[in-house]
Undergrad: 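Would you mind keeping the following structure in view while I ask a few things?
What's counted below: heavy atoms across the whole structure, side chains too, no hydrogens, waters or symmetry copies. The structure displayed is predicted, hence computed values, not measured ones.
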Amino acid sequence: MLNGLEKMRRTAVYPGSFDPPTNGHCDIIKRSAKLFDCLIVAVAENPAKKSFFSVEERVIMLREIVSEYGNIEVDHFDGLLVDYTENAGAVTIIRGLRALSDFEYEFELALMNRHLNATVDTIFMMTDEHYSFIRSSLVREVARLGGDISDKVPPVVEKYLKERLP
Ligand code: ADP
């Protein structure tokens, strides 16, 4: 019989803007889903940050991307990530690290989150070398300028970007 803590250990939350989801995100999602019984991919709603795709669109894209996996859920949240994580019954936040440039921001974020709620901890997954140069804003820019993004995002994201961009 599992106790409450054991159940919590089985779930992790992977939060992000995912504006849009890239193959780098997908790699982190798939690898994390092997480590935990349940992974919740949580799209952050941040009214202060103007997004390219709406939260609903990002959730739809992610749901399609993870549809073949039985242990991955897609959700969205506003407010504090640690509150969301605790309410989701988890004690683990997953974040991805590309280069040293990610480190400072991620380090601050993880420390702040632990300060806010010491029961929740952050685990970092190192990017796969194939995806280390991929970030959502750069993908949007390349797509806008007519460059090929087919090997940088899943097909559903490419479709959404093509529909949205002139
Ligand atoms: P944020 O949540 O800071 O707005 P993103 O939505 O772009 O950022 O990314 C969510 C998480 O995924 C972050 O931890 C980010 O570092 C990580 N990430 C983004 N792109 C990649 C990639 N290509 N490889 C590994 N991790 C990535």
Side-chain angles (χ1 to χ4, degrees), residues 4-63 65-66 69 71-142 152-154 157 161:
L5 187 61
E6 281 168 335
K7 270 190 197 151
M8 279 190 254
R9 284 184 186 139
R10 290 167 169 250
T11 303
V13 173
Y14 177 37
S17 307
F18 306 110
D19 191 26
T22 68
N23 287 345
H25 294 130
C26 295
D27 176 59
I28 300 285
I29 290 171
K30 287 168 194 170
R31 283 157 57 207
S32 308
K34 285 193 203 148
L35 300 177
F36 292 87
D37 288 345
C38 174
L39 180 72
I40 304 172
V41 181
V43 178
E45 294 183 49
N46 184 352
K49 197 168 153 186
K50 199 176 157 358
S51 63
F52 186 75
F53 288 110
S54 68
V55 172
E56 292 73 24
E57 289 170 316
R58 286 176 272 160
V59 166
I60 291 170
M61 286 186 265
L62 283 163
R63 288 213 170 118
I65 291 165
V66 306
Y69 295 85
N71 68 331
I72 307 177
E73 286 170 27
V74 179
D75 193 10
H76 59 91
F77 72 100
D78 54 13
L80 286 177
L81 172 60
V82 285
D83 291 346
Y84 173 80
T85 304
E86 191 168 38
N87 291 334
V91 288
T92 309
I93 294 168
I94 307 273
R95 294 285 287 176
L97 278 183
R98 278 159 296 192
L100 265 186
S101 49
D102 276 343
F103 178 79
E104 202 169 334
Y105 171 70
E106 293 292 341
F107 183 68
E108 269 179 19
L109 198 66
L111 287 185
M112 176 57 86
N113 281 333
R114 193 138 49 103
H115 188 76
L116 291 167
N117 185 336
T119 63
V120 174
D121 229 317
T122 305
I123 289 182
F124 294 99
M125 294 205 77
M126 196 63 71
T127 186
D128 183 282
E129 68 200 60
H130 298 103
Y131 308 123
S132 60
F133 63 99
I134 299 181
R135 65 184 150 88
S136 300
S137 55
L138 200 53
V139 163
R140 288 197 310 265
E141 188 61 5
V142 171
K152 295 166 191 69
V153 295
V157 175
L161 276 167

Undergrad: Could you tell me the separation between the OG atom of S32 and the CG atom of D27, rounded to the nearest 0.5 Å?
TA: 8.5 Å
Undergrad: Quick one, H25 and T22 - any side-chain contact, counting heavy atoms below 4.5 Å?
TA: yes
Undergrad: Under a 4.5 Å cut-off applied to non-hydrogen side-chain atoms, are V59 and E56 in contact?
TA: no
Undergrad: Going from CG on L80 to CE on M112, what distance comes out if it is rounded to the nearest 0.5 angstrom?
TA: 9.5 Å
Undergrad: Go through the structure and list residues passing side chain to side chain contact (heavy atoms under 4.5 Å, CB included) with A44, not counting sequence neighbours.
TA: F77
Undergrad: So, for V153 and P21, which heavy atoms are closest and what is the spacing to 0.1 Å?
TA: CG1-O, 3.8 Å
Undergrad: On the 0 to 90° scale, with breaks at 30° and 60°, tag the F107-F103 ring pair as parallel, tilted or perpendicular.
TA: parallel
Undergrad: Taking side chain to side chain donor-acceptor pair (under 3.5 Å) as the test, write out the residues that go with D83, two or more places apart.
TA: none
Undergrad: Can you see which heavy atom on G16 is nearest to which on R95, and at what distance?
TA: CA-NH1, 4.0 Å
Undergrad: Between V142 and K152, does the side-chain contact (heavy atoms from CB on, under 4.5 Å) criterion hold? Intermediate values first, please.
TA: CA-CA 10 Å; V142 171; K152 295 166 191 69; 5.6 Å; no
Undergrad: How many angstroms lie between CG in L109 and CD1 in I93, if you round to the nearest 0.5 Å?
TA: 7.5 Å
Undergrad: I want to check something: taking the side chain as every heavy atom from C-beta on, are N113 and V120 in contact at a cut-off of under 4.5 Å?
TA: no
Undergrad: Would you name the heavy atoms of F133 and L138 that are closest together and state the gap between them?
TA: O-CD2, 3.8 Å
Undergrad: Flag the pair R58 / S17 as yes when at least one side-chain heavy-atom distance between them is below 4.5 Å, and no otherwise.
TA: yes
Undergrad: Is there a donor-acceptor pair closer than 3.5 Å between any side-chain N or O of S136 and the backbone N or O of P20?
TA: yes
Undergrad: So do the side chains of R10 and C38 get within less than 4.5 Å of each other, counting heavy atoms only?
TA: no
Undergrad: Is a donor on one side and an acceptor on the other found under 3.5 Å between the side chain of S51 and the backbone of S54?
TA: no
Undergrad: Using every non-hydrogen atom in the two residues, find where A110 and F124 come nearest and quote the distance to one decimal.
TA: CB-CZ, 3.9 Å
Undergrad: Under the side chain to side chain donor-acceptor pair (under 3.5 Å) test, which residues partner D102, sequence neighbours left out?
TA: R98
Undergrad: Do V43 and F53 touch side chain to side chain, with heavy atoms closer than 4.5 Å?
TA: no
Undergrad: Passes side-chain contact (heavy atoms from CB on, under 4.5 Å), L161 versus F52? Steps please.
TA: CA-CA 10 Å; L161 276 167; F52 186 75; 3.9 Å; yes
Undergrad: Run the numbers on R140 and D19 for side-chain contact (heavy atoms from CB on, under 4.5 Å), then give the verdict.
TA: CA-CA 9 Å; R140 288 197 310 265; D19 191 26; 3.8 Å; yes
Undergrad: Could you tell me which non-hydrogen atom of A33 sits nearest to which non-hydrogen atom of N71, and how far apart they are?
TA: O-ND2, 2.9 Å
Undergrad: Does some side-chain heavy atom of I40 sit less than 4.5 Å from a side-chain heavy atom of Y84?
TA: yes
Undergrad: Hey, mind stepping through R31 and I28 against side-chain contact (heavy atoms from CB on, under 4.5 Å) and telling me if it holds?
TA: CA-CA 5 Å; R31 283 157 57 207; I28 300 285; 4.2 Å; yes
Undergrad: Might you point out which heavy atoms bring L62 and I29 nearest each other, and give the distance in Å?
TA: CD2-CD1, 4.1 Å
Undergrad: Taking the side chain as C-beta and beyond, is there a heavy-atom pair between D128 and N23 under 4.5 Å?
TA: no
